[in-house]
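I have placed the structure first, in the form of structure tokens, so that the comments after it can refer back to it.
Reminder, nothing fancy here: chain letters follow the sequence lines and each chain counts from 1. Worth knowing before you read on, the calculation uses all heavy atoms, side chains too, and leaves out hydrogens, waters and symmetry mates.
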Amino acid sequence: MTSLKRKLNLAMNTNKKKTDNKVKNVPQLHLTRLGREYFNVSCDKLAKFLLGKVLVHHVEDVLLKGRIIETECYLGGNDKASHSYNGRRTPANEAMYMEPGTAYVYKIYGMYHCFNISSIELGAAVLIRALEPIDGIDKMQDYRSVSRMKMIKTHELCKGPSKLCISMNITKENCNKVDMCNNNNLWIEADDFSDNFQIVNSTRIGIGPTAEEWVNTPLRFYIKDNIHVSKRDREKEKELTIVNEYLIKHI
DNA sequence: AAATCGATGCTCT
DNA sequence: GAGCATCGATTTT
């Protein structure tokens, strides 16, 4: 039943694709955008709630859309893996302290970006780790492929926090500190995607030895059996999965 | 499917 | 100067 809905969505999106590039009247496009009340929740609630929602970026006159498949919590406070550990606050991580729903984009390893969304706690944010490409897939291919010679599989386009930033053309320059509740180029929306999926709760990726005590804390969430997940955890998949308890009906 | 490893330059100490 | 919420290519199961 879920897959049927997915197929319908895919078919609809395929048909719409040609017109997407020509749409000019942006404000009318985000009638289902999520308002402040949806971001004004704790980090772990937001991380689970965002699964299945759609990230939208309007850039270079193209509408890019991807469904959120995988998220992680960065809590601040005593979370040593967080940029805001122990209240650390610098110009670079200022967005983590801004209004819930503010985009936090930072540069990593000198050449990549990661995209986060601020939650209600001071200094906390949700990292988006994977998307299912929905709209503007050709353009995503362009952004990912330096030369047109190499074709990237659609399910590989946004399989990783920095891959999705490249595909969605998200940079520190164009998205950091953007209020996603009040911006015409960047927002989250809900559609009629099935809410029957199960959520796997696993450990975060890339936590170094300096945050050893947090390595095993399960602060990563992803949609079970979804091919866009950046790294599966087969052991955690055997455990009781979380039922999506933060549903909203938007349309 | 998983593990290894080098590239690369920003940010903070 | 050290560390890094990663990627891509390559090698090994």
Within the structure shown, what part of the strands sits under 4.0 Å from A:R234 by heavy-atom distance: base, sugar-phosphate, or nothing? sugar-phosphate

Can you measure A:I152 atom CD1 to C:dA9 atom P for me and round it to whole angstrom units? 9 Å

Without swapping roles, check the side chain of A:N174 against the backbone of A:T171 for a donor-acceptor pair under 3.5 Å. yes

At 4.0 Å (heavy atoms only), tell me whether A:A92 reaches a base, stays on the sugar-phosphate, or touches nothing. sugar-phosphate

Heavy atoms under 4.0 Å, any strand shown: does A:K80 hit a base, just sugar-phosphate, or nothing? nothing

Which whole-number value in Å describes the distance from A:I170 CD1 to C:dT6 P? 16 Å

Counting only distance, no hydrogens or angles, is the base of B:dA7 paired donor-acceptor with the side chain of A:Y109 under 3.5 Å? no

If you check the A:M111 side chain, which of B:dA7, B:dC12, C:dT6 turns out closest? B:dA7

To the nearest angstrom, the NE2-P distance between A:H113 and C:dC7 comes to 13 Å

Base, sugar-phosphate or nothing for A:R232? Non-hydrogen atoms, less than 4.0 Å. nothing

C:dC4 -> Watson-Crick or G-U wobble partner, both distances under 3.5 Å, gives B:dG9

Distance in angstrom units between A:N93 CG and C:dC4 P, rounded: 15 Å

Is it possible for you to check whether A:K224 lies under 6.0 Å from the centre of the six-membered ring of A:Y222, through NZ or CZ, and within 45° of that ring's axis? no

Below 4.0 Å: OP1/OP2 of C:dT6 and any side-chain N or O of A:K159: no

With A:E72 as partner, the option from A:R204, A:R129, A:K231 fulfilling salt bridge (Lys or Arg N to Asp or Glu O under 4.0 Å) is A:R129

Nearest-Å distance, NE2 (A:H83) to P (B:dC10)? 16 Å

Are a donor atom and an acceptor atom from the side chains of A:Y85 and A:D79 found within less than 3.5 Å of each other? no

A:T90 has its side chain closest, among B:dC12, C:dC4, C:dG8, to B:dC12

Does A:T210 have a side-chain nitrogen or oxygen under 4.0 Å from the phosphate oxygens OP1 or OP2 of C:dC4? yes

Report the distance from atom CZ of A:F115 to atom P of C:dT6, rounded to the nearest whole Å. 16 Å

Under the criterion ring-ring contact (aromatic ring centres under 6.0 Å, His included), I'd like the reasoning laid out for A:Y74 against A:H83: C-alpha separation, chi angles, the key distance, then a yes or no. CA-CA 8 Å; A:Y74 286 87; A:H83 293 166; 7.3 Å; no

Find the distance A:R204:CZ to C:dC4:P and express it as a whole number of Å. 13 Å

Distance check: side-chain N/O of A:R88 vs OP1/OP2 of B:dT11, anything under 4.0 Å? no

Taking the nucleotide of DNA chain C with the nearest heavy atom to each, does A:K163 or A:S82 sit closer to the 5' end? A:S82

Between atom NZ in A:K107 and atom P in C:dT6, what is the gap in whole Å? 16 Å

